Amino acid sequence: MTVTLRPREPERITPDGGVRCSYLLRDNGRPIGELVLSTDGDPPRRGRIDHLWVAESERRRGRGGIALLAAEEVLRSRGCDRVRALLPLPPGEAGDHGEAEEGAVAAAHLAETFGYRPLGVALRRVPVEGRAAGAATAAEGAGVAIPRLGRGLDPALLRIVTGPSAGPEARFRAPRAGRTGGARGAEVLDAAEEAARAAGAVSLVVCTGPGRSPDEAECRERGYRFGHLLVGKPLG
């Protein structure tokens, strides 16, 4: 078994100076899956596994683990010190997400085996209500500033990616509670949704967790659903 990565297209430089690259997974030249990676532009660089898919007929044969190790090596070569990924919530944790696919269990097991730890949960809202007709869409990989989050908050950005719905998706890491200069979770969501609409996004994902605002309950009250688990690890 010889699993290799083959670039699908030339790597793209994102507007913030990061890199986004897409690969085919091949076993002795035969396509068996897909991988999409991206990095932040500013040091310390953080890497993201935006997409990792292995064909159903090729699963449970070690392909996913090999692909994950290859992804980490690529991100290390880009100078990344950490990596993050979104996983489907496995059964028992999905809440009103509905029945989890079998692949969710395998993905969670794979991540745990390779040292990934939960960082929080990501919830999606589709569509971002009130999106302006004809709004100009920010380029994929762009970092869009979120205004009016109050003094004392670290610079906050939406990241524009290709989402599962028909159109661009904005992703946002909720700030730590107590660092929003007095802004409440609802106000942070208002500002993030406004920035997503201005960027032309059709959906918004908020990644939250312990000590972050808005929290999961606030997001669900606003209509966010389809949770995913946010995991990460240092790249030594």
Side-chain angles (χ1 to χ4, degrees), residues 3-23 25 33-54 63-88 107-122 138-146 149 152-163 169-180 188 192 205-213 228-236:
V3 177
T4 58
L5 301 183
R6 179 176 179 178
R8 300 187 66 174
E9 57 187 1
E11 64 183 33
R12 288 174 283 169
I13 304 300
T14 61
D16 67 350
V19 176
R20 184 173 175 85
C21 40
S22 175
Y23 302 91
L25 302 178
E34 300 171 344
L35 177 67
V36 180
L37 306 175
S38 57
T39 71
D40 294 334
D42 297 326
R45 284 195 164 186
R46 305 299 171 91
R48 296 185 303 278
I49 300 175
D50 293 326
H51 177 62
L52 173 56
W53 174 80
V54 175
R63 267 65 164 168
I66 293 173
L68 192 57
L69 289 173
E72 293 176 3
E73 188 59 33
V74 170
L75 294 174
R76 284 191 191 94
S77 72
R78 301 287 185 186
C80 295
D81 64 351
R82 296 192 65 85
V83 58
R84 289 176 177 169
L86 287 177
L87 305 179
H109 177 71
L110 180 67
E112 183 178 7
T113 299
F114 283 85
Y116 287 77
R117 295 293 178 261
L119 300 177
V121 65
E140 184 175 16
V144 178
I146 302 175
L149 286 185
L153 176 65
D154 290 340
L157 296 175
L158 296 173
R159 188 71 55 183
I160 305 299
V161 301
T162 300
E169 178 171 273
R171 293 181 180 173
F172 168 53
R173 179 74 161 145
R176 294 193 179 277
R179 303 182 70 177
T180 60
V188 173
V205 170
V206 177
C207 298
T208 188
R212 293 187 177 270
S213 179
H228 282 61
L229 186 66
L230 177 66
V231 298
K233 65 180 282 189
L235 293 175

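This is a predicted model, so every value here is computed, not measured. Values below: every heavy atom of this structure, side chains too, minus hydrogens, waters and symmetry copies.
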Legend entry - Arg6 atom CZ: more than 12 heavy-atom contacts under 6.0 Å: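 Counting other residues, nucleotides and ligands, CZ of Arg6 stays at 12 neighbours or fewer.
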For [X], enumerate each residue passing the side-chain contact (heavy atoms from CB on, under 4.5 Å) test, keeping only those at least two apart in sequence or located in another chain.
X      : answer
Glu34  : Arg8, Leu24, His51, Trp53
Thr208 : Val121, Leu123, Ala174, Arg212, Glu216
Ala71  : Leu35, Leu37, Ile49
Ala67  : Leu25, Leu52

Inset, instruction - Taking only Lys NZ, Arg NE, NH1 and NH2, and the carboxylate oxygens of Asp or Glu, determine whether Glu9 and Arg20 approach each other closer than 4.0 Å. - result: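 Looking at Arg20 together with Glu9, the answer is no, because their closest N to O distance does not fall below 4.0 Å.
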Legend entry - Asp81/Arg46 salt bridge by N-O under 4.0 Å criterion: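 Yes, this pair counts.
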Inset, instruction - For side chain to side chain contact (heavy atoms under 4.5 Å, CB included), just list the numbers for Ile13 and Val19, CA-CA rounded to whole Å, side-chain angles, deciding distance to a tenth of an Å, and then say yes or no. - result: CA-CA 5 Å; Ile13 304 300; Val19 176; 3.9 Å; yes
Heavy-atom closest pair, residues [X] and [Y]:
X      : Y      : result
Leu235 : Val83  : CD2-CG1, 3.8 Å
Leu158 : Ala170 : CD1-CB, 4.1 Å
Cys80  : Thr39  : SG-CG2, 3.6 Å
Leu229 : Pro118 : CD1-CB, 4.2 Å
Ala107 : Leu87  : O-CD1, 3.8 Å

Inset, instruction - Would you give the length of the straight line joining atom NE2 of His228 to atom SG of Cys207, rounded to the nearest 0.5 angstrom? - result: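 Going from NE2 on His228 over to SG on Cys207, the span is 10.5 Å.
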Legend entry - Rounded distance [0.5 Å steps], CG in Asp50 versus SG in Cys21: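 It comes to 9.0 Å.
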Inset, instruction - Please say which of Arg48, Arg173, Arg45 ends up in a salt bridge (Lys or Arg N to Asp or Glu O under 4.0 Å) with Asp40. - result: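 By the salt bridge (Lys or Arg N to Asp or Glu O under 4.0 Å) criterion, Asp40 pairs with just one of Arg48, Arg173, Arg45: Arg48.
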Inset, instruction - For residues Val36 and Tyr23, determine if any side-chain heavy atom of one lies less than 4.5 Å from a side-chain heavy atom of the other. - result: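 No, side chains not in contact.
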Distance-only donor-acceptor hits, side chain of residues 109-116, under 3.5 Å, sequence neighbours excluded:
| unit_1 | atom_1 | unit_2 | atom_2 | d |
| --- | --- | --- | --- | --- |
| Thr113 | OG1 | His109 | O | 2.8 |
| Tyr116 | OH | Glu72 | OE2 | 2.8 |

Legend entry - Partner residues of Arg82 under the side chain to side chain donor-acceptor pair (under 3.5 Å) criterion, sequence neighbours left out: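 Checked Arg82 against side chain to side chain donor-acceptor pair (under 3.5 Å); zero matches.
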Legend entry - With sequence neighbours excluded, residues passing salt bridge (Lys or Arg N to Asp or Glu O under 4.0 Å) with Arg84: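 Once residues adjacent in sequence are excluded, Arg84 has no partner under the salt bridge (Lys or Arg N to Asp or Glu O under 4.0 Å) criterion.
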